[in-house]
Amino acid sequence: MLTWSDAKTKAFQTTLLDWYDKNRRELPWRKDHDPYHIWVSEIMLQQTQVNTVIPYYHRFMKMFPTIDDLARAPENQLLKAWEGLGYYSRVRNMQRAARQLLDDYDGKWPQTKAGLQELVGIGPYTAGAIASIAFNQPEPAVDGNAFRVFSQLLEIEADITKPQTRQLFETVIRKLIPHDRPGDFNQAIMDLGASYMTAKNPDNENSPVRAFNQAYLDGRVADFPVRSKRLKPVDKQLAALIIHTPEGYLFQQRASNELLAKLWAFPLLANETDTEVEALPTVLAEQFCDETEIKVALRWVAGPAVTHTFTHQKWHIALLHADLRKQPDLSHFAGRVVPEAKFDQLPVPTVQKKIWQAYQKRQINLFD
DNA sequence: TAGACGTGGTC
DNA sequence: TGACCAAGTCT
């Protein structure tokens with residue numbers, strides 16, 4: 001697979017690192033090599049673009065400056081810091097890992113890739129990144145950039161969506177990574193993948209490593225990386241229950257085993273069939289309210305459904321509204337009534353913000 | 001192993 | 001609008 005001579009390998013390392021030394025991005029988590037800083041940034045950067053992460057990183061470090069702060073944080077505060085970033089299990093796992101570090105490791109970081117992978121939420125990529133950047137270990141950190149860059153440089157045809165392909169790339173990169181600057185090497189690959197060797201509109205003519213890019217030399221850049229197609233999101237019909245009471249609106253904390261776990265939102269019920277639609281007021285009444293009142297108060301909100309697309313599901317949400325004259329009984333309900341002025345204190349998913357915006361607009365329309 | 005797990009940017 | 005992408009991990 002890798003046919004480069006030692007001289008070519010050395011030339012590649014030198015070319016890449018010289019370019020990196022002059023052109024590296026100054027990023028907030030590149031000011032030092034503190035493993036906590038590297039860790040937080042790497043978790044945030046999973047499947048998330050750099051420009052999105054930067055403000056979150058600053059806020060997070062202000063709120064949780066140390067591992068102890070992270071370990072002790074209330075879950076709602078933690079999720080609030082992550083609100084809008086997505087993949088919320090990342091931050092819940094980070095707190096679990098912080099507690100692991102304090103309880104089982106005496107607060108001392110494992111410094112090997114294998115040791116780091118024992119921590120919850122740290123997989124092969126993040127372990128490689130922390131090991132190389134924070135602890136100077138010659139370990140690969142194979143992310144999407146590394147897949148794209150090395151698949152083009154070496155015309156590697158393996159499907160990068162297959163788990164076993166990662167091992168192939170790690171084996172190759174181990175032969176290329178310089179032992180004196182492994183962290184800079186890995187970060188240089190990422191900077192390269194974010195500048196000249198991007199997925200869309202790459203600029204290989206001006207790339208510092210164009211002479212090493214076999215796919216470019218062969219006019220085959222578009223053929224790499226090889227990746228099987230993704231599944232289309234499945235459509236789901238839902239009804240959002242917008243329950244207004246004298247004290248505010250009813251929010252539900254989503255269960256830990258469902259999508260958007262532990263976040264707060266208006267109750268969402270399945271709305272796939274006519275039968276389910278007819279049963280909605282009863283379901284609602286059983287859960288947290290007096291049935292007769294609910295049946296009188298509940299009505300559909302006019303207007304098109306709110307749509308929200310996840311990686312694997314596309315939600316179509318109709319809105320149901322009820323105005324209650326008294327507080328519902330919430331003793332058997334995982335939720336609370338929140339005044340509008342305090343909505344921003346709860347961690348909510350983006351789809352909840354969309355529902356609220358649509359509801360506000362349509363309520364005005366009803367009075368037109 | 002394949003599918004679950006979010007969101008925002010881009011074309 | 002839809003399809004794809006962005007510093008992946010867990011089950």
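Just so it is clear: chains get the letters A, B, ... in the order the sequence lines come, proteins before strands, and each one is counted from 1.
Between the side chains of Gln46(A) and Tyr125(A), no donor-acceptor pair of N or O atoms lies under 3.5 Å. A side-chain donor from one of Thr245(A) and Gln327(A) sits under 3.5 Å from a side-chain acceptor of the other. For the 3.5 Å distance criterion, the side chains of Asp191(A) and Trp19(A) fail to qualify, holding no donor opposite an acceptor.
Of the two residues contacting DNA chain C, namely Ala199(A) and Pro124(A), the nearest-nucleotide position lying further toward the 5' end is that of Ala199(A). Between Val351(A) and Gln164(A), the residue anchored closer to the 5' end of DNA chain B is Gln164(A), taking for each the nucleotide with the nearest heavy atom. Toward the 5′ end of DNA chain C lies the nearest nucleotide of Arg227(A), the other residue of the pair Arg166(A) and Arg227(A) mapping further downstream.
Side-chain nitrogen and oxygen atoms of Thr198(A) include none within less than 4.0 Å of the OP1 or OP2 phosphate oxygen of dC5(C). Taking only side-chain nitrogens and oxygens, His308(A) comes nearer than 4.0 Å to OP1 or OP2 of dT7(B). Contact check, Lys354(A) against dT7(B): no side-chain N or O comes under 4.0 Å of OP1 or OP2. Using a 4.0 Å cut-off, some side-chain N or O of Lys314(A) falls inside it from OP1 or OP2 of dG2(C). For His312(A) and dC5(B), the shortest distance from a side-chain N or O to OP1 or OP2 is below 4.0 Å. Between Thr350(A) and dT7(B) there is a side-chain polar atom (N or O) within less than 4.0 angstrom of OP1 or OP2. OP1 or OP2 of dA6(C) lies within a sub-4.0 Å distance of a side-chain N or O belonging to Arg148(A). In this model, the phosphate group of dG8(C) is approached by a side-chain N or O of Gln47(A) to a distance below 4.0 Å at OP1 or OP2.
Using atom P as the reference point in both dG6(B) and dT1(C), the two lie 24 Å apart (nearest Å). A gap of 15 Å separates the C1' atoms of dC5(B) and dA6(C), to the nearest Å. Taking atom P on both nucleotides, dC11(B) is separated from dA7(C) by 15 Å, rounded to a whole Å.
The distance from atom CD of Gln313(A) to atom C1' of dT7(B) is 15 Å, rounded to the nearest whole Å. For the pair Asn93(A) CG and dA4(B) P, the interatomic distance rounds to 18 Å; values are reported in whole Å. dG6(B) atom P lies 13 Å from atom NZ of Lys262(A), rounded to whole Å. Rounding to whole angstrom units, CG of residue Leu260(A) and P of dG6(B) are separated by 5 Å. Whole-Å rounding puts the Leu119(A) CG to dG8(C) P distance at 19 Å. Taking atom CD1 of residue Ile133(A) and atom P of nucleotide dA7(C), one finds them 13 Å apart after rounding to whole Å. Here the P atom of nucleotide dG9(B) and the CG atom of Leu45(A) are 16 Å apart, to the nearest Å. In this entry the distance linking CZ of Arg90(A) with P of dT7(B) reads 10 Å, nearest Å.
Cluster annotation: Leu168(A) and Trp4(A) are assigned to the same hydrophobic cluster (Ile/Leu/Val/Met/Phe/Trp/Tyr, side-chain heavy-atom contacts under 4.5 Å, transitive).
At a cut-off of 3.5 angstrom, counting only N and O atoms as typed in the model, there is a donor on one side and an acceptor on the other between the side-chain of Arg25(A) and the base of dA7(C). For dG6(B), the base has a donor-acceptor partner in the side chain of Thr311(A) [N/O atoms by modelled type, under 3.5 angstrom]. One N or O donor and one acceptor, one from the side chain of Thr48(A) and one from the base of dG6(B), sit under 3.5 Å apart. Contact of Tyr87(A) with dG6(B) (side chain to base): a donor-acceptor pair of N or O atoms is detected under 3.5 Å.
Residue contacts shown for Asn201(A) are limited to sugar-phosphate atoms, with no base heavy atom under 4.0 Å away.
Between the side chain of Gln95(A) and the main chain of Ala73(A), a donor-acceptor pair closer than 3.5 Å is present.
A pairwise comparison of heavy atoms in Tyr36(A) and Phe60(A) identifies OH-CE2, 3.9 Å as the closest pair.
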